[in-house]
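Taking it in order: structure first as structure tokens, then the write-up.
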Amino acid sequence: MCTSFMGELLTATHNFGVAPIRAVTTVDTFKAALYLTTATLNASTTVYSATGEVSGTGYTAGGVAVTMGTVPTATNSSTTAGVAFVTPSANITYTTVTLATAFDAVLIYNSTQSNKAVSVHTFGSQTITAGTFALTMPTNSTSLALIRLATT
């Protein structure tokens with residue numbers, strides 16, 4: 001998870017669901033961009049940048065929209081720490097793409113809020129020729145959700 005994202009949560013910058021405090025009636029738009037193995041992305045990434053992003057047939061700079069149909073959830077009990085979590089409600093899919101240069105990371109960012117970074121996820125080096133690349137989303141639960149915040 002990007003360090004800047006954690007701080008921005010405290011200022012209500014990101015809206016994964018309807019947020020009456022911000023008087024927002026729509027969910028922010030989140031996107032997922034793929035990055036080359038040579039790119040430098042990590043917890044200190046603060047915004048989307050085209051530097052190091054993949055390019056190829058069928059791939060649009062900035063990546064694809066992330067479907068956030070799942071409402072963020074928070075749980076707490078007297079025996080466990082509190083956990084807030086959310087997972088995109090659909091796999092992140094890039095269709096009919098040719099990406100010949102190796103890539104191994106995806107940046108999820110909030111395009112509604114000045115392209116602010118949310119999280120960086122790495123995986124094994126990949127290339128693809130005229131095919132579909134899909135990132136399978138985990139179960140939306142306290143232990144498996146893509147984005148989890150926990151108290152201790």
Side-chain angles (χ1 to χ4, degrees), residues 1-19 22 24-75 83-150:
M1 188 174 311
C2 297
T3 305
S4 59
F5 170 71
M6 292 187 289
E8 290 160 358
L9 286 175
L10 299 177
T11 61
T13 299
H14 303 277
N15 181 20
F16 289 94
V18 177
R22 272 186 20 192
V24 174
T25 58
T26 60
V27 176
D28 287 348
T29 298
F30 294 87
K31 289 190 163 188
L34 296 172
Y35 285 85
L36 302 170
T37 57
T38 56
T40 304
L41 295 170
N42 52 42
S44 65
T45 300
T46 58
V47 296
Y48 160 79
S49 169
T51 302
E53 186 177 11
V54 301
S55 64
T57 304
Y59 182 85
T60 302
V64 297
V66 176
T67 305
M68 296 301 297
T70 304
V71 176
T73 304
T75 64
V83 179
F85 57 96
V86 67
T87 295
S89 57
N91 293 336
I92 298 171
T93 305
Y94 305 82
T95 56
T96 319
V97 294
T98 296
L99 304 172
T101 307
F103 60 97
D104 69 351
V106 63
L107 170 68
I108 297 177
Y109 66 97
N110 187 336
S111 65
T112 303
Q113 300 298 325
S114 304
N115 296 329
K116 293 182 182 291
V118 172
S119 57
V120 175
H121 305 272
T122 58
F123 42 84
S125 180
Q126 306 284 318
T127 59
I128 188 166
T129 302
T132 296
F133 179 72
L135 293 165
T136 303
M137 292 299 101
T139 301
N140 192 41
S141 68
T142 58
S143 60
L144 298 174
L146 191 65
I147 298 172
R148 295 181 311 275
L149 303 172

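I128 has its side chain out of reach of Y59: every pair of non-hydrogen atoms, C-beta onward, lies at least 4.5 Å apart. Annotation: side chain of V64 is in contact with side chain of I92 (closest heavy-atom distance under 4.5 Å). The closest side-chain heavy-atom distance from I108 to I147 is not below 4.5 Å.
Screening T132, V106, L99, V54 for a side-chain contact (heavy atoms from CB on, under 4.5 Å) with Y94, the sole residue that qualifies is V106.
For the atom pair L34 CG and L135 CG, the distance stands at 6.5 Å (nearest 0.5 Å). For the atom pair K31 NZ and N110 CG, the distance stands at 11.0 Å (nearest 0.5 Å). L36 contributes atom CG, which lies 7.0 Å from atom OG of S55 (distance to the nearest 0.5 angstrom). Here the straight-line distance linking atom CD of Q113 with atom OG1 of T29 works out to 10.0 Å at 0.5 Å rounding. Taking OH from Y109 and CG from D28, the interatomic distance works out to 13.0 Å, rounded to the nearest 0.5 Å. Here the straight-line distance linking atom CG of L146 with atom NE2 of H121 works out to 4.0 Å at 0.5 Å rounding.
Among all heavy-atom pairs drawn from N91 and M137, the shortest one is OD1-N, 2.9 Å. Looking at every heavy atom in both residues, V47 comes nearest to S114 through CG1-O, 4.2 Å. For the residue pair V97 and G58, the shortest heavy atom distance occurs at CG1-O, 3.4 Å. Between P138 and A145, the closest heavy-atom pair is CG-C, 4.1 Å. Residues A130 and T98 share a closest heavy-atom pair of N-OG1, 2.8 Å. Of all heavy-atom pairs spanning T37 and D104, the tightest one is CA-OD1, 3.4 Å.
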### Task
Please assess T75 against F85 for the test side chain to side chain contact (heavy atoms under 4.5 Å, CB included), listing each intermediate value before the final yes or no.
CA-CA 9 Å; T75 64; F85 57 96; 4.0 Å; yes
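In this pair, F133 and F123 present their aromatic rings tilted. The plane angle is within the 30 to 60° band.
Side-chain contact, S49 with T51: a donor N or O sits under 3.5 Å from an acceptor N or O.
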